[in-house]
Amino acid sequence: MFNKRFGKDRQAGFTLIELLVVVIIIGLLASLVAPKFFGKLAASKEKTAKAQIELLGEALDSFRLDNGRYPTTEEGLNALRQKPAGLDTWNGPYLPRAVPKDPWGHEYVYKCPGEHGDYDLESYGRDGQPGGEGEDADITNWE
């Protein structure tokens with residue numbers, strides 16, 4: 001095929017160097033945008049955990065109004081969905097769906113009686129271990 005602009009047997013398209021320049025530019029832009037995006041993602045997970053703890057607290061308060069007590073540590077948060085044995089005043093379920101996991105995929109830690117109030121409810125954050133800083137910090141119902 002003859003192309004008048006480029007000469008004989010020359011096909012139109014991008015050269016390898018042009019494609020590499022575009023890929024490098026996209027990589028540089030991504031390196032500038034990604035840290036800001038992931039910073040917002042971490043903050044949104046923390047806000048989600050705080051909101052879930054607040055909603056679980058409201059369900060626990062409803063349980064207490066009906067039964068005169070909070071679920072024991074052994075009964076756990078599942079008592080908000082399933083009637084514990086021997087509890088005739090249970091009027092649940094107190095949650096519309098199953099007890100959620102925290103935004104990092106870990107179970108919420110529930111203790112009753114709590115060390116900081118009637119009950120303690122917390123997420124251990126990204127690492128799933130007590131303590132930590134940043135995304136690994138604990139999120140609790142008492143702070």
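- The list of side-chain hydrogen bond (donor to acceptor under 3.5 Å, both in side chains) pairs with a residue in residues 50-60, not counting sequence neighbours, reads E46-K50, Q52-Y108.
- Here the CZ-CZ distance, from F63 to R69, works out to 5.0 Å after rounding to the nearest 0.5 Å.
- In plain terms, the two heavy atoms of D138 and G131 that are nearest each other are OD2-N, 2.9 Å.
- Scanning all heavy atoms of the two residues, the minimum distance from A59 to L80 falls at O-CD2, 3.6 Å.
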* To do: Take L55 and L95 through the side-chain contact (heavy atoms from CB on, under 4.5 Å) test and state the conclusion after the steps.
  => CA-CA 9 Å; L55 290 172; L95 291 174; 5.9 Å; no
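- A side-chain donor-acceptor contact under 3.5 Å links Y110 to the backbone of P71.
- Taking CG of N67 as the reference point, atom CG of D88 lies at 9.5 Å (rounded to 0.5 Å).
- Taking Ile, Leu, Val, Met, Phe, Trp and Tyr as members and joining any whose side-chain heavy atoms lie under 4.5 Å apart, directly or through other members, V23 forms no hydrophobic cluster with any other residue.
- Between T73 and C112, the closest heavy-atom pair is OG1-N, 2.7 Å.
- Judged by distance alone, with hydrogens and angles left aside, the side-chain atoms of D120 form a donor-acceptor pair with the main-chain N or O of E115 at under 3.5 Å.
- For the residue pair P84 and E75, the shortest heavy atom distance occurs at CB-OE2, 3.4 Å.
- Linking Ile, Leu, Val, Met, Phe, Trp and Tyr residues whenever their side-chain heavy atoms come within less than 4.5 Å leaves Y70 and V109 in two separate clusters.
- D136 and Y124 share no side-chain donor-acceptor pair at under 3.5 Å.
- Atom CD of E133 has 12 or fewer neighbouring heavy atoms from other residues, nucleotides or ligands inside a 6.0 Å radius.
- With values rounded to the nearest 0.5 angstrom, R64 atom CZ is found 10.0 Å from Y119 atom OH.
- Residues I53 and T140 have side chains not in contact (no heavy-atom distance under 4.5 Å, counting atoms from C-beta outward).
- Taking K101 as the reference, E107 meet the salt bridge (Lys or Arg N to Asp or Glu O under 4.0 Å) condition, with sequence neighbours excluded.
- Of the inter-residue distances, the one linking E122 atom CD with D102 atom CG reads 11.0 Å to the nearest 0.5 angstrom.
- Here the straight-line distance linking atom NZ of K111 with atom CG of D118 works out to 15.5 Å at 0.5 Å rounding.
- Enclosure of atom NZ in K83 by more than 12 non-hydrogen atoms of other residues, nucleotides or ligands within 6.0 angstrom is indicated.
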- Query: Could you go step by step and tell me if D66 and Y94 meet the side-chain contact (heavy atoms from CB on, under 4.5 Å) rule?
  - Reply: CA-CA 10 Å; D66 288 345; Y94 299 94; 2.7 Å; yes
* To do: Assess whether side-chain contact (heavy atoms from CB on, under 4.5 Å) is satisfied between I24 and L28, documenting all intermediate values.
  => CA-CA 6 Å; I24 290 170; L28 290 172; 4.2 Å; yes
Before you tell me yes or no, could you show the steps for W104 and E135 under side-chain contact (heavy atoms from CB on, under 4.5 Å), namely the whole-Å CA-CA distance, both residues' side-chain angles and the distance that decides it to 0.1 Å? CA-CA 10 Å; W104 298 276; E135 269 192 275; 3.5 Å; yes
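- Here the side chain of N141 pairs a donor or acceptor atom with the backbone of L121 at under 3.5 angstrom.
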